Amino acid sequence: MLENKTVAFLGAGSMAESMIAGTIKANKIPAECIYVTNKFNGDRLTELQERYQVKTVLQKDLPFEEIDYFIMAMKPHGAEEALAFLKDKIKREQVVISVLAGISTDYMEAGLNEYQPVIRVMPNTSSMIQESATALAVGNFTEDVHLQDVKEILSCMGKVFVINEEQMDIFTGLAGSGPAYFYYLMEQMEKVGIEKGLDADAARKIVAQTIYGAAKMVLDKEEAPMILRERVTSPNGTTASGVQALQENNGGRAISQAVQQAAARSKEIRRELEGTLVPH
């Protein structure tokens, strides 16, 4: 059970905080069983300790023997140094969870000790409110007990999807970058509402509730978005007119291009990073 597990976040940035917040809110891992560490920024560690009551230490003071799962949540360019740091101290039974965008499990395994269990995960920023769509891909030496534990940890932050690692780039295009697409859509809808006389706060909340309700319908009813769209689009009605405007202005193509370009960039970043980083 997770109550008996101890996790350590290597990195104290925004993604680490999102994951910490979701885990604490779910109340499955006690705050005293969560360590957060970085190399230099004691002020940031103090901030997280005060906010979430987790344990915080500088990296050099991390009690390795107490940790079951090490969550690598620093910037991807810090991967090489972090792997070297872990390799000197980590034991075979301890598991590395990577949140490093663009860094494969093969690369991680090459930088650690032989047969080290590695799991690659990708949450999105909605993990802070326990509504993340999170992908999980296992390395070559991961055991089923590790997978189940990590799925439970990640489920504290939302829904978990186990995928093949080669699907991580398209997952990035859909879910990793996806919140920004919806924020952009909301931005444009909110702007029109304000221009037509709505109070700014009302416009924002109307748009947010509309998108939230539409997404919840898809999840609750388990029906395709196309079916739900057709059901609410009466011939010659207001919705039909609005959808027609989207189609005439290539709205569908813009969305498709956004997803594909984000996925392509994810692949480029992986090649760039793994071409410059050399595991020890």
Side-chain angles (χ1 to χ4, degrees), residues 2 5-13 15-16 18-20 23 29 34-38 59 62 64-124 127 132 134-157 160-172 175-176 266-267 269-280:
L2 291 179
K5 303 298 182 182
T6 300
V7 301
F9 285 85
L10 306 185
M15 182 52 74
S18 293
M19 295 178 71
I20 292 164
T23 304
I29 302 178
I34 299 174
Y35 283 88
V36 188
T37 181
N38 62 20
Q59 188 169 287
L62 185 66
F64 258 74
E65 67 284 353
E66 297 181 19
I67 310 302
D68 297 294
Y69 290 94
F70 294 90
I71 301 178
M72 295 182 65
M74 73 289 297
K75 296 292 185 184
H77 290 286
E80 184 179 355
E81 186 177 358
L83 288 171
F85 169 73
L86 284 174
K87 184 175 183 177
D88 289 341
K89 300 176 178 64
I90 199 168
K91 296 179 180 178
R92 171 67 179 83
E93 62 270 19
Q94 294 171 307
V95 181
V96 176
I97 303 172
S98 170
V99 194
L100 304 179
I103 304 292
S104 68
T105 54
D106 285 345
Y107 176 88
M108 300 284 293
E109 289 167 354
L112 293 166
N113 299 312
E114 193 173 13
Y115 304 118
Q116 195 72 53
V118 174
I119 296 178
R120 181 181 173 190
V121 306
M122 181 174 288
N124 61 24
S127 57
S132 175
T134 302
L136 180 159
V138 299
N140 294 305
F141 312 112
T142 304
E143 298 176 8
D144 188 60
V145 64
H146 304 144
L147 176 61
Q148 296 310 315
D149 274 357
V150 175
K151 283 173 67 176
E152 192 167 355
I153 291 170
L154 297 176
S155 71
C156 296
M157 295 167 267
V160 181
F161 303 89
V162 180
I163 64 175
N164 297 325
E165 188 160 13
E166 58 267 24
Q167 298 170 321
M168 274 291 189
D169 293 322
I170 189 59
F171 183 88
T172 298
S266 173
K267 188 174 293 186
I269 290 172
R270 184 178 73 249
R271 290 171 178 165
E272 290 168 3
L273 285 170
E274 294 192 353
T276 57
L277 299 175
V278 181
H280 292 270

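The structure presented is a predicted model; accordingly, all values stated were derived computationally and were not measured. All heavy atoms count here, side chains included; hydrogens, waters and symmetry mates do not.
- Taking 4.5 Å as the limit, some side-chain heavy atom of Tyr107 sits within range of a side-chain heavy atom of Leu83.
- Here CD1 of Ile67 is found 5.0 Å from CG of Leu62. Values are rounded to the nearest 0.5 Å.
- Residues Glu165 and Arg120 form a side-chain contact, since some pair of their non-hydrogen atoms from C-beta on lies under 4.5 Å apart.
- Of all the heavy atoms in Pro123 and Met19, the pair that sits closest is CG-SD, 3.9 Å.
- Within the 4.5 Å cutoff, the side chain of Ser127 has no heavy atoms near those of the Thr134 side chain.
- In plain terms, the two heavy atoms of Ser155 and Val160 that are nearest each other are N-CG2, 3.6 Å.
- Ala16 meets the side-chain contact (heavy atoms from CB on, under 4.5 Å) test with Phe9, Ala73; sequence neighbours excluded.
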Practice task
Let me see the working for Thr37 and Leu10 under side chain to side chain contact (heavy atoms under 4.5 Å, CB included), right down to the final yes or no.
Solution key: CA-CA 5 Å; Thr37 181; Leu10 306 185; 3.3 Å; yes

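- Atom CE in Met72 sits 8.5 Å away from atom CD1 in Ile103 (nearest 0.5 Å).
- With sequence neighbours left out, the side-chain contact (heavy atoms from CB on, under 4.5 Å) criterion links Phe85 to Gln59, Phe64, Lys89.
- Contact record, Ala175 with Asn124: O-ND2, 3.1 Å, taken as the closest heavy-atom pair.
- Contact of the Val7 side chain with the Ile97 side chain is not registered, since no non-hydrogen atoms from C-beta on lie closer than 4.5 Å.
- A distance-only check finds a donor-acceptor pair linking the side chain of Asn113 to the backbone of Lys87 [under 3.5 Å].
- The closest donor-acceptor contact from the side chain of Arg92 to the backbone of Tyr115 lies under 3.5 Å.
- The distance from atom CZ of Phe171 to atom CG of Leu136, rounded to the nearest 0.5 Å, is 10.0 Å.
- Between the side chain of Thr142 and the main chain of Val118, a donor-acceptor pair closer than 3.5 Å is present.
- The closest donor-acceptor contact from the side chain of Glu109 to the backbone of Gly139 lies at 3.5 Å or more, if one exists at all.
- Of all heavy-atom pairs spanning Ser98 and Met108, the tightest one is CB-CE, 3.6 Å.
- Side-chain contact between Val121 and Ile153 is absent, with no heavy-atom pair separated by less than 4.5 Å.
- By the 4.5 Å heavy-atom criterion applied to side chains, Val162 and Lys151 are counted as neighbours.
- Under the 3.5 Å distance criterion, the side-chain polar atoms of Glu81 are left unmatched by any main-chain donor or acceptor of Gly78.
- In this structure, CD1 on Ile29 lies 10.0 Å from NZ on Lys5, to the nearest 0.5 angstrom.
- Contact record, Thr23 with Cys156: CA-CB, 3.9 Å, taken as the closest heavy-atom pair.
- Rounded to the nearest 0.5 angstrom, Phe141 CZ and Ile119 CD1 are separated by 13.5 Å.
- Met168 is not listed as a side-chain neighbour of Arg270, based on a closest heavy-atom distance of 4.5 Å or more.
- Looking at Gln116, its side chain does come within 3.5 Å of a backbone N or O of Gln94 through a donor-acceptor pair.
- Considering only heavy atoms from C-beta on, Val138 stays 4.5 Å or farther from Val150 through its side chain.
- Remark: Ile269 CD1 to Leu100 CG distance equals 12.5 Å, nearest 0.5 Å.
- Across all their heavy atoms, Thr105 and Ala137 have their closest contact at CG2-O, 4.2 Å.
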